[in-house]
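Not measured: the values here are computed from a predicted model.
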Amino acid sequence: MAPVAGKDVKLPTELRTYALGCPEWIIYLSLLWPPVGLVLLFTVPTKITISPDGTMRFLAVCRTTMSLSLSEDVASLELIEDPPCCSCVCHKHAIEIYFTDAVLKRRAGSRAEEMKTRPHYMGGQGAQELASDLCLSNGETA
């Protein structure tokens with residue numbers, strides 16, 4: 001499947017929420033090892049919402065959020081099989097996200113250059129559904 005630019009994805013007609021990222025039970029279990037568990041509680045997304053205006057919001061367990069615009073902040077999205085990252089190993093599919101230079105400079109600062117070539121993976125039970133809704137999977141299902 002070929003990557004799709006963030007500005008070219010098909011947007012939903014209503015607010016949609018998908019279970020992506022690290023499963024919540026892993027985060028709750030990690031609370032047994034502070035401070036790692038506390039960091040995961042606030043920073044690791046477990047859900048993603050996509051709104052009809054193209055806003056993509058990542059939600060962590062403690063309701064901390066990061067909002068991005070699909071058209072301005074996401075360079076490309078692609079559904080991939082057998083993701084190479086540890087947070088997605090229990091799922092067959094993940095969405096590979098590359099961010100634009102502008103958002104990387106704004107959010108990553110001095111690490112922006114390094115992050116340009118490193119994709120962000122969002123795996124989980126909702127990855128296939130999200131890819132289908134955004135027309136990343138060309139209508140294919142697992």
* Asked: Do Val61 and Phe42 pass the side chain to side chain contact (heavy atoms under 4.5 Å, CB included) test, and can you show the C-alpha distance, the side-chain angles, and the key distance before you say yes or no?
  -> CA-CA 7 Å; Val61 173; Phe42 288 97; over 6 Å; no
* Structure fact -> Residue set satisfying side chain to side chain donor-acceptor pair (under 3.5 Å) with Thr17, at least two apart, ordered chain then number -> none
* **Atom of Met122, atom of Leu20 and distance for their closest heavy-atom approach** => CE-CB, 3.7 Å
* To do: Could you state whether Leu59 and Leu134 fall into the same hydrophobic cluster, counting links through intermediate Ile, Leu, Val, Met, Phe, Trp or Tyr residues with side-chain heavy atoms under 4.5 angstrom apart?
  => no
Ignoring hydrogens and angles, write down the donor-acceptor pairs under 3.5 Å from the side chains of residues 5-16, residues two or more places apart or on other chains.
from  : atom 1 : to     : atom 2 : distance (Å)
Arg16 : NH1    : Asp133 : OD2    : 3.2
Arg16 : NH2    : Glu129 : OE2    : 2.7
Arg16 : NH2    : Asp133 : OD2    : 3.4

* Side chains of His120 and Tyr98: does their closest heavy-atom pair fall under 4.5 Å? -> no
* Structure fact -> Sequence neighbours excluded, the answer for side chain to side chain donor-acceptor pair (under 3.5 Å) partners of Thr49 is none
* To do: Let me see the working for Gln128 and Leu79 under side chain to side chain contact (heavy atoms under 4.5 Å, CB included), right down to the final yes or no.
  => CA-CA 8 Å; Gln128 182 69 34; Leu79 180 69; 3.6 Å; yes
* Asked: Got a donor-acceptor contact below 3.5 angstrom from the Ser51 side chain to the Thr55 backbone?
  -> yes
Only distances under 3.5 Å count here; give the side-chain donor-acceptor pairs of residues 28-37 to other protein atoms, sequence neighbours excluded, each with its distance to 0.1 Å.
from  : atom 1 : to    : atom 2 : distance (Å)
Ser30 : OG     : Ile27 : O      : 2.6

* Asked: Going by heavy atoms in the side chains, are Thr100 and Val74 under 4.5 Å from each other?
  -> no
* Hey, mind stepping through Phe58 and Thr46 against side chain to side chain contact (heavy atoms under 4.5 Å, CB included) and telling me if it holds? -> CA-CA 8 Å; Phe58 298 92; Thr46 57; over 6 Å; no
* Asked: Taking only residues two or more places apart in sequence or in another chain, which ones pass side chain to side chain contact (heavy atoms under 4.5 Å, CB included) with Ala60?
  -> Thr64
* Asked: Would you say the side chain of Ile48 lies within less than 4.5 Å of the side chain of Met56, judging by non-hydrogen atoms?
  -> yes
* Scan residues 44-62 for pairs that pass salt bridge (Lys or Arg N to Asp or Glu O under 4.0 Å), counting only residues two or more places apart or in two chains. => none
* **Least distance between heavy atoms, Ala127 atom then Ala94 atom** => CB-CA, 4.2 Å
* **From Leu77 atom CG to Phe99 atom CZ, the distance as rounded to the nearest 0.5 Å** => 8.5 Å
* Tell me, with the steps shown, if Asp73 and Arg106 meet side chain to side chain contact (heavy atoms under 4.5 Å, CB included). => CA-CA 10 Å; Asp73 299 330; Arg106 191 172 67 237; 3.5 Å; yes
* Asked: From Tyr121 OH over to Ile97 CD1, what is the distance, rounded to the nearest 0.5 angstrom?
  -> 11.0 Å
* To do: Kindly write out the residues that satisfy salt bridge (Lys or Arg N to Asp or Glu O under 4.0 Å) with Glu113, not counting sequence neighbours, or none if the list is empty.
  => Lys116
